[in-house]
Chemist: 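Here it is, the structure in full.
Computed from a predicted structure; not experimentally measured. First the proteins, then the strands, lettered A, B, ... as listed; each starts at 1.
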There are 2 protein chains.
Amino acid sequence: MPLLMLKDLPRYECLLEASREFPDLDPSAAEVFLHLLRSGDEAFRVVESHLAQHDISQGRFGVLMALWGNCQRAGSATEKPLTPAELAERTGVTRATITGLVDTLETAGLVTRTPHPDDRRMMSIGLTKRGAKTLARIMPEHFRRMAWLMEPLREPERKTFVRLLTKVLTRAAGDPSASKRETGVLSARS
Amino acid sequence: MPLLMLKDLPRYECLLEASREFPDLDPSAAEVFLHLLRSGDEAFRVVESHLAQHDISQGRFGVLMALWGNCQRAGSATEKPLTPAELAERTGVTRATITGLVDTLETAGLVTRTPHPDDRRMMSIGLTKRGAKTLARIMPEHFRRMAWLMEPLREPERKTFVRLLTKVLTRAAGDPSASKRETGVLSARS
DNA sequence: GGCGGATAGTTAGCCGCCTAACGATAAAAG
DNA sequence: CTTTTATCGTTAGGCGGCTAACTATCCGCC
């Protein structure tokens, strides 16, 4: 997981102090923001350390899950392949990155890569039996780790949490381009 | 920002459905978890896209901030250098990574790197005037972006948010080793 | 003073992410 | 039918993260 701004979270009082020097700094916003970055980081680590034991990175896991989900979605026991572009779309990385991930997964015998039957520009990526078995081995503990991390939260807290997180996601989805923000179009929008 | 499990967040009903097949899957925990991962990702993107305009990566920004914070902390106008190990500790990456980051920052004229006066094993990394000016130029918009993302949340929501995030962080900090979790020591602890 | 263990920063190699560019292919336009 | 535009997966190169190993240095102990 890449670097966060700084490892130790500043106390609110420090942010308040800093806001005197930087008028653009909203102390409570910064506090939430930094806690969010940090928590996301930690959440990632909790599951990633388990995946690593299976020689699976989060990136590879995403590809495997997308393929596996596609089998389930198809409601069929037979594999339903995806193209690299579809994998890229579902996993949120570029097609170029998918090439590398599929390279290593193919080498490990977890996926197949064959020319697409309908379009010669495309490849067809499918989950092997070994890939499916690897996933089946990983998923129980994967889900347990998620549950473990969230255990201190009771159901109502979880609902609140999701609601707040969704507000952030909605806001982020409305992200105008950076240049617009800097030129003050944002204040006109607000 | 690296890959999340899958780009599109599953609806709660899907998680409920999946929990029938996977007894280890706690639907509400998974929902919060995935929302958290995703929100952390988006928060990262909001500030990172701005930094990129200044040719600064999040990693570099962290180093600069640590150096700048050290100046401030020292309450002195003169620069107060840090060692690579101190930078690594404050920014949460390895010393090896710091070497690379400092390499590029030094090339850009934003930091100085000199032998340490007291210990010949160490280097001394300091912020240049140019580095400080670059930071001063970046920080207003950086803080504005944080504030922008959190704007939909009112003060009480922010306090709740920080409380919930802190619970997660506390839990993550109590993370026993992975092997212990898998062997069931966790259930004995709970 | 000498030895052993610890620490520091760097290097090499790997991985995963990106962008830009490319050749091959498909689709659209005229 | 031909030309132009769009799409695909891959490649090359860069960056930032990691681990392991290395040489140089420091420190504690005998």
Chemist: Name the closest nucleotide to the B/Arg120 side chain, picking from D/dT19, C/dC17, D/dC26.
Modeler: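 Nearest nucleotide to the side chain: D/dC26.
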Chemist: Between C/dC15 atom C1' and A/Leu105 atom CG, what is the distance in whole Å?
Modeler: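 To the nearest whole Å, that distance equals 13 Å.
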Chemist: Toward the 5' end of DNA chain C, which comes first, A/Ser57 or A/Asp118, by nearest nucleotide?
Modeler: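 Looking at DNA chain C, the more 5' nearest nucleotide goes with A/Ser57.
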Chemist: Checking side-chain polar atoms at under 3.5 Å, does B/Ser39 have a donor or acceptor matched by the opposite partner on B/Asp41?
Modeler: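 Distance-only check fails for B/Ser39 and B/Asp41.
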Chemist: List in chain and number order the residues that pass side-chain contact (heavy atoms from CB on, under 4.5 Å) with B/Thr83, two or more places apart in sequence or in another chain; answer none if no residue qualifies.
Modeler: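 Once residues adjacent in sequence are excluded, the partners of B/Thr83 under the side-chain contact (heavy atoms from CB on, under 4.5 Å) criterion are B/Ala85, B/Glu86, B/His116, B/Met122.
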Chemist: Taking only residues two or more places apart in sequence or in another chain, which ones pass side-chain hydrogen bond (donor to acceptor under 3.5 Å, both in side chains) with B/Thr99?
Modeler: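 B/Thr99 satisfies side-chain hydrogen bond (donor to acceptor under 3.5 Å, both in side chains) with no residue once adjacent residues are dropped.
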Chemist: Would you mind reading off the bend of the helix from C/dG1-D/dC30 to C/dG30-D/dC1 from its two end axes, five pairs each, to 10 degrees?
Modeler: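 Both end axes considered, the difference amounts to 10°.
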Chemist: Checking A/Phe22 now: which residues fulfil ring-ring contact (aromatic ring centres under 6.0 Å, His included) with it, not counting sequence neighbours?
Modeler: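 A/Phe22 satisfies ring-ring contact (aromatic ring centres under 6.0 Å, His included) with B/Trp68, B/Phe143 once adjacent residues are dropped.
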Chemist: List the residues meeting side-chain contact (heavy atoms from CB on, under 4.5 Å) with A/Arg154, not counting sequence neighbours, and say none if there are none.
Modeler: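 side-chain contact (heavy atoms from CB on, under 4.5 Å) check on A/Arg154 returns A/Pro156, A/Glu157.
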Chemist: The criterion is side-chain hydrogen bond (donor to acceptor under 3.5 Å, both in side chains); which residues satisfy it with A/Thr97, sequence neighbours excluded?
Modeler: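 Here the qualifying residues are A/Thr94.
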Chemist: Whole angstrom is fine here: how far is it from CG in A/Asp41 over to C1' in D/dC18?
Modeler: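 To the nearest whole Å, that distance equals 14 Å.
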Chemist: Starting from C1' on C/dG16, measure out to CG on A/Leu51 and report it in whole angstrom.
Modeler: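 Roughly 14 Å, once rounded to whole Å.
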Chemist: Please report, rounded to the nearest Å, how far the P atom of D/dG17 is from the CD atom of A/Gln58.
Modeler: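 In whole Å, D/dG17 P and A/Gln58 CD are 17 Å from each other.
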Chemist: Rounded to the nearest Å, what distance is computed from the CZ atom of residue A/Phe44 to the P atom of nucleotide D/dC18?
Modeler: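 Between P of D/dC18 and CZ of A/Phe44: 11 Å.
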Chemist: For A/Ala43, give me all partners under side-chain contact (heavy atoms from CB on, under 4.5 Å), at least two apart in sequence or on another chain.
Modeler: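 Counting only residues at least two positions away or on another chain, A/Ala43 forms a side-chain contact (heavy atoms from CB on, under 4.5 Å) with A/Leu149, B/Phe33, B/Leu36, B/Leu37.
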Chemist: Check side-chain contact (heavy atoms from CB on, under 4.5 Å) between A/Asp55 and all other residues, then give those that pass, not counting sequence neighbours.
Modeler: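 Listed in chain order: nothing, the list is empty.
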Chemist: Looking just at side-chain N and O atoms, do B/Thr104 and B/Arg60 make a donor-acceptor pair shorter than 3.5 Å?
Modeler: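 Yes - a donor-acceptor pair under 3.5 Å links their side chains.
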Chemist: Got a list of protein N/O to nucleotides 7-10 of chain C N/O distances below 3.5 Å?
Modeler:
unit_1 : atom_1 : unit_2   : atom_2 : d
C/dT7  : O2     : B/Arg121 : NH1    : 3.1
C/dG9  : OP1    : B/Pro84  : N      : 3.1
C/dG9  : OP2    : B/Ala85  : N      : 3.0
C/dG9  : N7     : B/Arg95  : NH1    : 2.5
C/dT10 : OP1    : B/Arg113 : NE     : 3.4
C/dT10 : OP2    : B/Thr99  : OG1    : 3.0

Chemist: Nearest-Å distance, CD (B/Glu48) to P (D/dG17)?
Modeler: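 Spelled out: CD on B/Glu48 to P on D/dG17 is 11 Å.
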Chemist: Send over the distance from B/Arg60 CZ to D/dG14 P, rounded to a whole Å.
Modeler: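 Distance, rounded to whole Å: 14 Å.
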